[in-house]
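Reading through the structure tokens given below for one structure.
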Amino acid sequence: MTDSQTIRKVLWMGAAFNLLIALMLLFPSTLGAFAALPPVGSVFYLWMLIFFVVLFSGTYVWLALQPSISRPVVALAAIGKSGVFLVALACLVGGDIQLRTFLITLGDLAFALYSFRWLQSTKATVVNTV
């Protein structure tokens, strides 16, 4: 049960599960209500946000300590940092956050840009999995 075919199936199921959760969060009064998600502003969402920020922080520490840097993990980090910046930009434009809040995400943008540049400048290793 630890073969690569099984884990691939589990990963596909995990992707579908997470997309369903994303839809529940996007539509809290309908799909979210089906799962009895707490109301917007609940401490649940704050704790979840903190958890994911700390999870990414731990990932960066783990990655920095590795003898070989994993390009896919750096790519995921760059996408995550870019996403934080873009979400904050949309919230700034929509009037949901202040400029000072948005300015913090310039650090995320800087990390993302450097990571993308590093990915471009380093050679990708192609692995044949067939």
Side-chain angles (χ1 to χ4, degrees):
M1 186 148 153
T2 59
D3 61 287
S4 63
Q5 286 182 332
T6 302
I7 191 63
R8 287 182 196 284
K9 289 177 185 175
V10 170
L11 290 169
W12 281 112
M13 290 186 313
F17 177 80
N18 282 8
L19 286 175
L20 178 61
I21 299 301
L23 288 171
M24 288 178 180
L25 293 169
L26 184 61
F27 301 106
S29 62
T30 55
L31 293 176
F34 173 75
L37 291 180
V40 174
S42 165
V43 69
F44 171 77
Y45 299 108
L46 173 63
W47 285 32
M48 291 298 287
L49 177 62
I50 291 168
F51 171 75
F52 282 105
V53 169
V54 171
L55 178 65
F56 266 81
S57 179
T59 302
Y60 302 146
V61 169
W62 172 82
L63 190 58
L65 294 173
Q66 297 306 301
S68 177
I69 303 297
S70 170
R71 292 174 51 80
V73 176
V74 171
L76 182 63
I79 292 167
K81 291 289 191 182
S82 299
V84 168
F85 173 78
L86 293 173
V87 166
L89 180 60
C91 290
L92 176 68
V93 170
D96 295 315
I97 63 172
Q98 297 179 18
L99 178 62
R100 283 189 321 184
T101 305
F102 170 74
L103 291 176
I104 293 170
T105 67
L106 293 177
D108 291 296
L109 178 62
F111 283 117
L113 292 174
Y114 182 84
S115 296
F116 284 126
R117 186 165 185 220
W118 180 83
L119 288 165
Q120 274 188 324
S121 68
T122 58
K123 182 179 178 186
T125 303
V126 177
V127 177
N128 187 359
T129 60
V130 178

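All figures in this text were calculated on a predicted structure; none of them were measured in a lab.
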| task | Could you pull out all residues at least two apart from L86 that satisfy side chain to side chain contact (heavy atoms under 4.5 Å, CB included)? | result | none

| said: With clusters defined by side-chain heavy atoms of hydrophobic residues (ILVMFWY) lying less than 4.5 Å apart, directly or transitively, does F116 cluster with V73? | reply: yes

| request: Return the minimal non-hydrogen interatomic distance between A78 and A112, and the atom names on each side. | output: O-CB, 3.6 Å

| request: Working to the nearest 0.5 Å, report the span between CZ of R71 and CG of L76. | output: 14.0 Å

| Heavy atoms, side chains only, cut-off 4.5 Å: are S70 and L63 in contact? | yes

Sequence neighbours left out, cut at 3.5 Å: what donor-acceptor pairs do the side chains of residues 45-54 make with other protein atoms?
residue	atom	partner	partner atom	Å
Y45	OH	P38	O	2.9

| query | Between atom CG of L109 and atom CG of L103, what is the distance when rounded to the nearest 0.5 Å? | reply | 11.5 Å

| task | Examine distances only and state if a side-chain atom of T101 and a backbone atom of I97 form a donor-acceptor pair shorter than 3.5 Å. | result | no

| task | Sequence neighbours left out, what pairs pass side chain to side chain donor-acceptor pair (under 3.5 Å) with at least one residue falling in residues 102-119? | result | K81-D108

| query | Which pairs with one or both residues in residues 61-103 pass ring pair (Phe, Tyr, Trp, His ring centres under 6.0 Å), sequence neighbours excluded? | reply | F85-F102

| field | Other ILVMFWY residues reachable from F111 by side-chain steps of under 4.5 Å | value | none

| S4 side, atom OG; K9 side, atom NZ - distance, nearest 0.5 Å | 10.5 Å

| message | Please check: side-chain N/O of R8 versus main-chain N/O of D3, any donor-acceptor pairing under 3.5 Å? | response | no

| task | Establish whether L119 and I69 are linked, either directly or via other cluster members, by ILVMFWY side-chain heavy-atom contacts under 4.5 Å. | result | yes

| Are I79 and V74 connected in the hydrophobic side-chain network, where two residues link if heavy atoms are under 4.5 Å apart? | yes

| Verify same cluster id: M13, F17 (apolar side-chain graph, 4.5 Å) | no

| Taking everything shown except Q66 itself, do over 12 heavy atoms lie less than 6.0 Å from its CD? | yes

| message | Let me confirm one number: the CE-CG distance from M24 to N18, rounded to the nearest 0.5 Å. | response | 11.5 Å

| task | Please list, chain by chain and in numerical order, all residues satisfying side chain to side chain contact (heavy atoms under 4.5 Å, CB included) with F27, sequence neighbours excluded. | result | L23, T30, L31

| request: Following the transitive rule for hydrophobic clusters with a side-chain heavy-atom cut-off under 4.5 Å over Ile, Leu, Val, Met, Phe, Trp and Tyr, establish whether F44 and F34 coincide in one cluster. | output: yes

